[in-house]
Amino acid sequence: MTGDAALDVTRLRAHYPALGDGRAWLDGAAGTQVPESVIEAVASTMRAGVANQGGVFPAARRADAVVDAARRAFAAFAGAPDPDGVILGPTATALLARLAAALEPTWGPGDEIVVTEADHEADVAPWARAAARAGATLRTARLRADGALPTDAVTALIGPRTRLVAVTAASNLTGARVDVAAVAAAARAVGALSVVDGVHHAAYTPVDVCALGADLYATSAHKWAGPHVAALVAADPAVVAAIDPPRPAGAPASGPARFEQGTNPFPALAGVVAAVEHWAGMLPGGDDPHAGQRAAAAHTAALGSRLWAGLGELAHVRRYGPDGGPDVRTPVAAFRVVGWTPSDTVAALDAAGVNAWAGYAYAWGAAGALGVRDDGGLVRLSPNHYSRAWEVDRALDVVSDLAHRAR
């Protein structure tokens, strides 16, 4: 982060019309709000008119241009060198399911698929179902007691019969980070494909898929100020070219469009382009989305440390997830309040003007490993790039006061 200017959050917030309601928006791990430029990009695309792709008339050519620009935008945001390695889709969940359907026919008895307890179900369930149908063996890396996923818990399961390793870059429930580069390197060493769920990770981290070493990296724009549309991003387009997904007759036979079944959501894709431009301009005079990512990461790390430390000072609060700085965890804070259910806690936060979530956030394995799956899950607070210190302090005041309040 050296050499980057600090984020001017007051200037930044002025671009987000939803933030003027006076509430503390600490729900970013579930999705962010969008700036005016994204709203206008979506609306203007609809006003101008688009048709389906592949036609010769202007509305069809506009659709082609929007899709091409969206591939370039996702590639730029994720640090990928070639937009031909970008597969577009409605959600990361849908894209991972499509990928599993494409890879399943290449597996058989004796093959092994590695998943982890840290992951969102979107990066577990498709692989488990595909492995079962193919007769392959599913191997699951277990969490440590504090919610961390040690590197060797994953790499110890990787062997000569491993065909795919699916791992998160950061837990969407506890924020615990994973050493993706080490896991991807171990997968590559045995010729296995590595698939990384970066949906939570990308909101809080400068993304460089080449440095991560992942074969495919899933990201969803709604976690970083864009519309609800997602992508699988490969550092090398050859990875995408080597996979043959099931597709309707007459669908494209080559390139990432082979995975994109049906008509693309053109207005949302235009919004992705605007979102990446927003990140590029997050610093005055800036034109690099990664500079914006680095400045935002420094800002959210400071707020996350403030929140995590403040919760740690409250005797009636139990925090979940590994203790440590931004290299260990994202700014999300998962916790429970003694004597309060998670749903009652978020109701108290809501009454005080704080947006928060309760539950297990589809991190089924992690919730089970932490013992919270069947009794309400956890409370999750998550500052993001447009959050301010007063929002964190308001939430801490509410949680502190719960020690003295009856439900």
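Remember, it's a predicted structure, so these values are computed and weren't measured experimentally. Because only heavy atoms are used, hydrogens play no part in the values below, and waters and symmetry mates are left out as well, while side chains stay in.
Counting all heavy atoms, side chain and backbone alike, Ala184 lies closest to Gly213 at CB-O, 3.4 Å. Nearest heavy-atom pair, Ala361 versus Asn172, reported as atom, atom and distance to 0.1 Å: O-ND2, 2.8 Å. Between Gly89 and Val229, the shortest heavy-atom distance links the atoms O-CG2, 3.3 Å. Residues Leu157 and Arg139 approach most closely at O-NH1, 3.3 Å, considering heavy atoms. The two residues Ala80 and Val233 make their nearest non-hydrogen contact at CB-CG1, 3.5 Å. Scanning both residues, Ala169 and Val180, for their nearest heavy atoms gives CA-CG2, 3.6 Å.
Side chains of Arg336 and Asp375 form a contact here, defined as non-hydrogen atoms less than 4.5 Å apart. Using a 4.5 Å heavy-atom cutoff, the side chains of Leu311 and Leu396 are in contact. Residues Asp123 and Val199 fail the side-chain proximity criterion, which asks for heavy atoms closer than 4.5 Å. Looking at heavy atoms from C-beta onward, Thr168 lies out of side-chain contact with His200 at the 4.5 angstrom threshold. With contacts defined as side-chain heavy-atom distances shorter than 4.5 Å, the pair Leu26/Ser382 does not qualify. At a threshold of 4.5 Å between non-hydrogen side-chain atoms, the residues Leu232 and Arg98 do not count as touching. At least one side-chain heavy atom of Phe266 sits under 4.5 Å from a side-chain heavy atom of Asn52. Between Thr219 and Val207 the shortest side-chain heavy-atom distance does not fall below 4.5 Å.
Side-chain atoms of Arg258 come within 3.5 Å of backbone atoms of Gly255 as a donor-acceptor pair (strictly under, hydrogens ignored). Here the side chain of Thr32 pairs a donor or acceptor atom with the backbone of His222 at under 3.5 angstrom. Side-chain atoms of Tyr360 never come within 3.5 Å of backbone atoms of Arg373 as a donor-acceptor pair (strictly under, hydrogens ignored). Judged by distance alone, with hydrogens and angles left aside, the side-chain atoms of Arg319 form a donor-acceptor pair with the main-chain N or O of Trp308 at under 3.5 Å. Looking at Arg71, its side chain never comes within 3.5 Å of a backbone N or O of Pro83 through a donor-acceptor pair. Although no hydrogens or angles enter the test, the distance criterion places a donor-acceptor pair under 3.5 Å between the side chain of Arg329 and the main chain of Pro322. Between the side chain of Gln293 and the backbone N or O of Phe77 there is at least one donor-acceptor pair closer than 3.5 Å. Checked by atom type and distance alone, the side chain of Asp287 never pairs as donor or acceptor with a backbone atom of Ala280 at under 3.5 Å. Proximity of a side-chain donor or acceptor of Glu40 to a complementary backbone N or O of Ser37 within less than 3.5 Å is not detected. Glu121 places no side-chain N or O within donor-acceptor distance of the main-chain N or O of Trp364, the cut-off being under 3.5 Å.
Here the CG atom belonging to Leu164 is positioned 12.0 Å from the CD atom belonging to Glu112, to the nearest 0.5 angstrom. Leu381 contributes atom CG, which lies 6.0 Å from atom CG of Leu349 (distance to the nearest 0.5 angstrom). Rounding to the nearest 0.5 angstrom, the gap separating the CZ atom in Arg294 from the CG atom in Asp288 is 5.5 Å. Interatomic distance, OG1 of Thr106 versus CG of Asp244, reported as 10.5 Å (0.5 Å rounding). Between Leu216 atom CG and Ile243 atom CD1 the span is 5.5 Å, to the nearest 0.5 Å. Here CG of Asp68 is found 9.0 Å from CG of Asp84. Values are rounded to the nearest 0.5 Å.
At most 12 non-hydrogen atoms from other residues, nucleotides or ligands lie less than 6.0 angstrom from CH2 of Trp357.
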*What do the steps show when you test Thr91 against His228 for side chain to side chain contact (heavy atoms under 4.5 Å, CB included), and what is the final call?*
CA-CA 7 Å; Thr91 63; His228 283 74; over 6 Å; no
_Under the criterion side chain to side chain contact (heavy atoms under 4.5 Å, CB included), I'd like the reasoning laid out for Leu19 against Trp25: C-alpha separation, chi angles, the key distance, then a yes or no._
CA-CA 8 Å; Leu19 303 183; Trp25 291 75; 3.8 Å; yes
_From CA spacing to verdict: side-chain hydrogen bond (donor to acceptor under 3.5 Å, both in side chains), Asn384, Trp224_ = CA-CA 9 Å; Asn384 50 60; Trp224 36 267; over 6 Å; no
*Given Phe335 and Leu314, is the side chain to side chain contact (heavy atoms under 4.5 Å, CB included) satisfied, shown in steps?*
CA-CA 11 Å; Phe335 64 97; Leu314 302 176; over 6 Å; no
*In sequence, state the C-alpha distance, the side-chain angles, and the governing distance for Asp323 and Asp146, and then conclude on side chain to side chain contact (heavy atoms under 4.5 Å, CB included).*
CA-CA 8 Å; Asp323 198 12; Asp146 65 354; over 6 Å; no
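Note on Arg142 versus Glu117: salt bridge recorded, some NZ/NE/NH1/NH2 to OD/OE distance being below 4.0 Å. No salt bridge links Glu104 with Arg163; every basic N to acidic carboxylate O contact stays at or beyond 4.0 Å. Salt bridge annotation for Asp393-Arg306: present, with a cationic side-chain nitrogen under 4.0 angstrom from a carboxylate oxygen.
Ring geometry for Trp107 against Trp127 counts as tilted: the plane angle lies between 30° and 60°, on a 0 to 90° scale.
Thr205 and Arg177 are linked by a side-chain donor-acceptor pair at a separation below 3.5 angstrom, with hydrogens and angles left out of the test.
Taking the ring centroids of Trp279 and His385, they lie under the 6.0 Å cut-off.
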